[in-house]
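Encoded as structure tokens, the structure appears first; notes follow it.
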There are 2 protein chains.
Amino acid sequence: MSRERSGSTLSTRAAHLGPAVRRPLVLDAALAVWAEHGYRGTTMAAIAAQAKVSKPVLYECFDTKDAVLRALLDREEDRLMRATQQALTVDASSDLRTTVAQSYEAFFAAVLAHPVSWRVVFDAQGVLPQEIDNRYRKARAVFVRQIAELVRSLTTSGKELTDAEAAVLASNLARLAEDNATVLLSDEGHDWTPATLAAFVTRVALDAWS
Amino acid sequence: MSRERSGSTLSTRAAHLGPAVRRPLVLDAALAVWAEHGYRGTTMAAIAAQAKVSKPVLYECFDTKDAVLRALLDREEDRLMRATQQALTVDASSDLRTTVAQSYEAFFAAVLAHPVSWRVVFDAQGVLPQEIDNRYRKARAVFVRQIAELVRSLTTSGKELTDAEAAVLASNLARLAEDNATVLLSDEGHDWTPATLAAFVTRVALDAWS
DNA sequence: ACGGCTTCCTACCGTTCGGTAGGATTGGGC
DNA sequence: GCCCAATCCTACCGAACGGTAGGAAGCCGT
């Protein structure tokens with residue numbers, strides 16, 4: 001409830017920069033607010049306060065809130081893409097496995113280098129009320145832990161997994177379930193049945209441990 | 001903007017059911033509203049309208065909006081879990097691969113049987129403003145198509161993939177990237193580096209096609 | 001039929017948030 | 001020094017939403 005500087009009086013007056021110069025500064029402010037307070041906390045008043053500027057100045061730079069968010073996503077997405085794109089270029093001299101491994105590594109490195117951009121562009125963070133969000137995470141954690149347990153109890157000896165590996169694998173299996181459920185329900189998903197899709201995703205996910 | 005019956009006059013008067021009897025009906029209404037208008041459209045007024053009841057009646061059933069949502073998630077989650085749980089039980093007589101395949105199949109079947117429950121419990125749908133959401137989906141689609149292209153151009157002949165399979169595989173690879181990026185940035189992710197995580201997820205995802 | 005208790009409805013309040021009107025301040029050109 | 005255009009700020013509006021007050025309508029026992 002302690003929303004400091006929520007939108008009222010500014011202490012000092014901002015410099016005369018004009019929309020063109022201030023626009024990137026506004027995006028910086030929006031990014032900072034999003035990083036700290038999540039999507040729901042990213043209000044025009046909060047962005048203005050972070051930029052040390054009044055709301056009408058914001059509206060000189062961007063016509064609407066959606067315009068701010070779009071510009072922000074454009075910029076941060078571009079930042080991430082430039083960092084990974086070269087790795088996604090097809091290198092005819094290497095095989096698929098090497099290419100995929102390199103792409104993943106480049107992507108993960110980019111995420112570590114720009115964690116805030118990552119959260120803004122891809123992670124749906126802070127969109128739901130906190131209590132609901134916590135609930136969701138907790139439920140998923142239980143589910144994943146159950147899967148991890150199952151995986152560990154069924155892996156053949158000789159191919160044992162560390163705790164960290166089992167946790168990641170379980171999380172991945174759960175995520176694949178969610179992703180493919182979405183596929184199944186989407187407009188393009190009518191070629192699949194639960195059986196065929198399950199067989200396919202099992203092949204994707206598990207041949208290394210079968 | 002045509003929000004019918006947004007909260008004003010009701011045409012007929014509802015029956016005298018009392019909170020205990022009406023509570024499940026309220027949840028049904030909330031589910032229907034969520035299915036049609038997404039999370040953002042699920043307001044107390046909309047739920048009341050769908051239930052053909054006034055807002056104070058809602059508040060007789062549930063003290064707060066969060067309470068409604070929590071009860072709804074409890075119910076729908078339970079519905080899905082009951083449908084998949086038996087498949088997740090460890091069956092010592094079968095191997096890991098079979099168990100995973102059966103679990104996936106049970107899960108997908110449950111999702112198909114209760115698509116609305118699925119969307120409410122797992123799919124973050126309609127939380128973002130539509131324009132932003134469209135943007136996100138479009139960006140991801142481009143990304144996934146690029147991956148699909150890459151996968152097809154690199155698969156060794158003799159293990160060719162259909163279009164549908166390549167699309168699903170590409171979507172899965174992208175989702176794995178997102179999931180593992182989250183792992184990498186989470187509190188438990190400090191044991192991983194981009195390189196080790198990339199190697200592991202490649203092993204997870206791709207040994208079937210290497 | 002009538003009292004009383006339960007249940008329901010209309011109409012409202014307070015807050016938050018996107019967006020705007022209109023006046024004050026700055027600074028560059030002369 | 002003075003003027004004018006560009007820029008910024010305070011103060012406000014209206015809509016949407018969660019939540020509530022207070023009275024009307026229905027139901028049941030007597």
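In what follows, every chain begins at residue 1, and chains take the letters A, B, ... in the order their sequences are listed.
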Provide a list of protein-nucleic acid N or O atom pairs under 3.5 angstrom, restricted to nucleotides 18-25 of chain C.
| residue | atom | partner | partner atom | Å |
| --- | --- | --- | --- | --- |
| C/dG18 | OP1 | A/Lys65 | NZ | 2.6 |
| C/dG18 | OP2 | A/Met44 | N | 3.0 |
| C/dG19 | OP1 | A/Thr64 | OG1 | 2.8 |
| C/dG19 | OP2 | A/Tyr59 | OH | 3.1 |
| C/dG19 | OP2 | A/Thr64 | OG1 | 3.3 |
| C/dG19 | OP2 | A/Lys65 | N | 2.9 |
| C/dG19 | N7 | A/Lys55 | NZ | 3.0 |
| C/dG19 | O6 | A/Lys55 | NZ | 2.4 |

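With rounding to whole Å, A/Leu25 atom CG is found 15 Å from D/dT7 atom C1'. Rounded to a whole Å, the CG atom of B/Leu10 is 14 Å from the C1' atom of C/dT7. Atom CZ of A/Arg40 and atom P of C/dT15 are 18 Å apart (whole Å). At whole-Å resolution of the value, CZ in B/Phe62 and P in D/dG19 are 13 Å apart.
Contact check on B/Arg135 versus A/Glu77 returns a salt bridge, with a Lys/Arg side-chain nitrogen under 4.0 Å from an Asp/Glu carboxylate oxygen.
Among pairs with a residue in residues 120-141 of chain B, those fulfilling ring-ring contact (aromatic ring centres under 6.0 Å, His included) read B/Trp118-B/Phe122, at least two apart in sequence or across chains.
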Q: Start with the C-alpha gap between A/Trp192 and A/Phe200, add the side-chain angles, then the distance that decides, and say whether ring-ring contact (aromatic ring centres under 6.0 Å, His included) holds.
A: CA-CA 10 Å; A/Trp192 294 99; A/Phe200 185 76; 5.7 Å; yes
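Across A/Leu80, A/Leu72, A/Leu73, a single residue satisfies side chain to side chain contact (heavy atoms under 4.5 Å, CB included) together with A/Ser117, and that is A/Leu80.
Between A/Ser54 and A/Val57, some side-chain heavy-atom pair lies under the 4.5 Å cut-off. Within the 4.5 Å cutoff, the side chain of B/His37 has no heavy atoms near those of the B/Thr42 side chain.
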